[in-house]
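Just so it is clear, the values below take in all heavy atoms, side chains as well, and ignore hydrogens, waters and symmetry mates. Just so you know, ligand 1 is whichever comes first in the structure, and atom 1 is the first atom listed for that ligand.
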Amino acid sequence: MQPKKTCSILICLCITSVLFLTAGIVLIGMWEVLYDYIVKGNLILKPDSPAFKIWIKNPLPLTLKLFVYNWTNPQEIYKKGEKSNITWNANNTVTFKHLKKWYFDPERSNGSLYDAVTSINPVALSAAYATRTWSYMGRKTFSITFDAMISSIYITKSVGNVLFDGYDDPLMNIANTFPFLAGNNFPPMDKFGWFYGRNGSEDYEGSFNMDTGVWGQLGELYEWKYANHTPYYRDKCGGLSKVSAGEFFPTNLRNDTLIKFFSADLCRYVELEFEKEETVHGITGYKYSANDRFLDNGTKIPENKCFCDGDCMPSGALNVSACRYGSPAFVSLPHFYKADPYYRDIVEGVAPDAEKHDFFMTFEPGRT
Ligand SMILES: *[C@@H]1O[C@H](CO)[C@@H](O)[C@H](O)[C@H]1NC(C)=O
Ligand SMILES: *[C@@H]1O[C@H](CO)[C@@H](O)[C@H](O)[C@H]1NC(C)=O
Ligand SMILES: *[C@@H]1O[C@H](CO)[C@@H](O)[C@H](O)[C@H]1NC(C)=O
Ligand SMILES: *[C@@H]1O[C@H](CO)[C@@H](O)[C@H](O)[C@H]1NC(C)=O
Ligand SMILES: *[C@@H]1O[C@H](CO)[C@@H](O)[C@H](O)[C@H]1NC(C)=O
Ligand SMILES: *[C@@H]1O[C@H](CO)[C@@H](O)[C@H](O)[C@H]1NC(C)=O
Ligand SMILES: *[C@@H]1O[C@H](CO)[C@@H](O)[C@H](O)[C@H]1NC(C)=O
Ligand SMILES: *[C@@H]1O[C@H](CO)[C@@H](O)[C@H](O)[C@H]1NC(C)=O
């Protein structure tokens, strides 16, 4: 009995170890598949999934640094986002809106929302821009008729008014009274402020429709404002192909992956390019930063040509006029960092600094 038992134990052990060995070998061969399976399982968006808790409320408030140029007075504001009006669709997508609120951060600000700053008056500038194609007589008539009301091209207002609370400008009233002037150059608003009407609004950014990750790529944006192509840029530039809605990004990143996400502030997608490997809190990450694919005007990156409609600008400033009711608005990295020297030469007091002014995201690449 004894030897037999030992034997069966031995056999048992053998079988077990063979099993473990096989499992081990299979696992070695399969770990990538398994890894992907487990990761994928966690990366599905449904009301009870781990990803949902992260997505519904952005876990960390995002800091938005606003430098109101007086010319130099930085104000920090932090933004808290929340998803609203969530609809789960049968086609494995979810439709939602963003409810965003901004809070002034006194600790990290050099000034308050009540500080008076002198800045250009975007309203007057928009009017000048709207009438730029008019005949000389037309412009003359306009300027004589409205001279008394035409505000200076400079304004002195509180930071709060310039940013969130808005201020009255006589020209806005004219625009509302004389729609011919308005065209699409004036926002349909009673006041002007760069973020006027956005604090606490869930409708400002419009509706998003994105993949929940069951079959496709979690977080891939399919529709914005109920369309798969924005009206703001022509051809591929207005497209939403393989674009993240901004919160979930593809896993298993490589150094030739492009990080492509949608920005409702710019009404377009943004592409970040691999820059280098770096360590963040002891974890190896891939740093992707804004570069030619984002900033070039089509000279180096031909795909970018469709972003500059009409007159083109030197690289480094994006024409977002179409996204701002036609008013002449341009977006650049702070201090025209990575932009054509043209801009630095025409504006005094800007000092681009790689440490402070770059735009980048660092991701843990996943299995490598
Ligand atoms: C909520 O979403 C549904 C479907 O996406 C839409 O039909 C409805 O108009 C939205 N409601 C609000 C208040 O936006
Ligand atoms: C998925 O279904 C919703 C609701 O019917 C629809 O609004 C959306 O356009 C669909 N998305 C895609 C990518 O077909
Ligand atoms: C935004 O709105 C909230 C109330 O919803 C308010 O507490 C906050 O001060 C506002 N932020 C700014 C920058 O005006
Ligand atoms: C803070 O503001 C003061 C003037 O109010 C200015 O002298 C100083 O340079 C500012 N500091 C920073 C970091 O911007
Ligand atoms: C902005 O500049 C004006 C002078 O041009 C000055 O009176 C005012 O105090 C400055 N504001 C801030 C917040 O530094
Ligand atoms: C990208 O990775 C490959 C190996 O996977 C390496 O040969 C190449 O040098 C890397 N490129 C950059 C820009 O780091
Ligand atoms: C900016 O874009 C608008 C609208 O697309 C266009 O009309 C205008 O000519 C462009 N301006 C410049 C300077 O490129
Ligand atoms: C595009 O940008 C390049 C580099 O900044 C510049 O040399 C070129 O003049 C720009 N093109 C136009 C049409 O402005």
So, applying salt bridge (Lys or Arg N to Asp or Glu O under 4.0 Å) with R293, which one of E275, E273, E303 is it? E303
Is there a heavy atom in Y232 that sits closer than 4.0 Å to ligand 7?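 The answer is no: ligand 7 sits nowhere under 4.0 Å from a heavy atom of Y232.
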If we ignore angles and hydrogens, is there a donor and acceptor under 3.5 Å between the side chains of [X] and [Y]?
X    : Y    : value
S315 : D296 : yes
N291 : S289 : no
S201 : D203 : no

Same hydrophobic cluster for Y337 and M361, using side-chain heavy-atom links shorter than 4.5 Å among ILVMFWY? yes
Which residue and heavy atom of the protein sit nearest [atom], plus the separation:
atom                    : value
atom 11 (N) of ligand 2 : N91 ND2, 3.0 Å
atom 3 (C) of ligand 7  : N319 ND2, 3.6 Å
atom 12 (C) of ligand 7 : D311 O, 3.0 Å
atom 6 (C) of ligand 7  : D309 O, 3.8 Å
atom 5 (O) of ligand 2  : N89 OD1, 4.6 Å
atom 4 (C) of ligand 6  : N255 ND2, 4.7 Å
atom 7 (O) of ligand 2  : E223 OE1, 4.2 Å

Below 4.0 Å, non-hydrogen atoms only: which portion of N209 touches ligand 2? Side chain, backbone, both or neither. side chain
So, does T93 sit close enough to ligand 2 that a heavy atom of it is under 4.0 Å from the ligand?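 Right, T93 reaches ligand 2.
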On the ring face of Y167, is K191 found with NZ or CZ under 6.0 Å from the centre and within 45° of the axis?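 K191 over Y167 ring: no.
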Check whether the ring centres of W194 and F192 lie less than 6.0 Å apart, and answer yes or no. yes
With atoms numbered from 1 as shown, which atoms in ligand 6 lie under 4.0 angstrom from a non-hydrogen atom of F274? 14 (O)
In F294, Y269, F330, the residue satisfying ring pair (Phe, Tyr, Trp, His ring centres under 6.0 Å) with F307 is Y269
Numbered atoms and elements of ligand 2 in range of Y222, under 4.0 angstrom, heavy atoms: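 Answer for ligand 2: 13 (C).
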Distance below 4.0 Å between [atom] and any protein heavy atom?
atom                    : result
atom 1 (C) of ligand 6  : yes
atom 14 (O) of ligand 6 : yes
atom 9 (O) of ligand 6  : no

Hey, what's the ring geometry for F261 with F249, parallel, tilted or perpendicular (30° and 60° as the breaks)?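 Answer is perpendicular, since the angle exceeds 60°.
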If the plane angle is over 60° it's perpendicular, under 30° parallel, otherwise tilted; pick one for F363 and Y288.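 Ring orientation, 0 to 90° scale: perpendicular.
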Heavy atoms only, cut-off 4.0 Å: how does F330 contact ligand 7, side chain, backbone, both, or neither?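 The side chain, only.
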Which atoms of ligand 7 have any heavy atom of M313 under 4.0 Å away? 13 (C)
Go through Y286 and F274 one step at a time and tell me if the ring-ring contact (aromatic ring centres under 6.0 Å, His included) criterion holds. CA-CA 7 Å; Y286 283 5; F274 177 81; 5.1 Å; yes
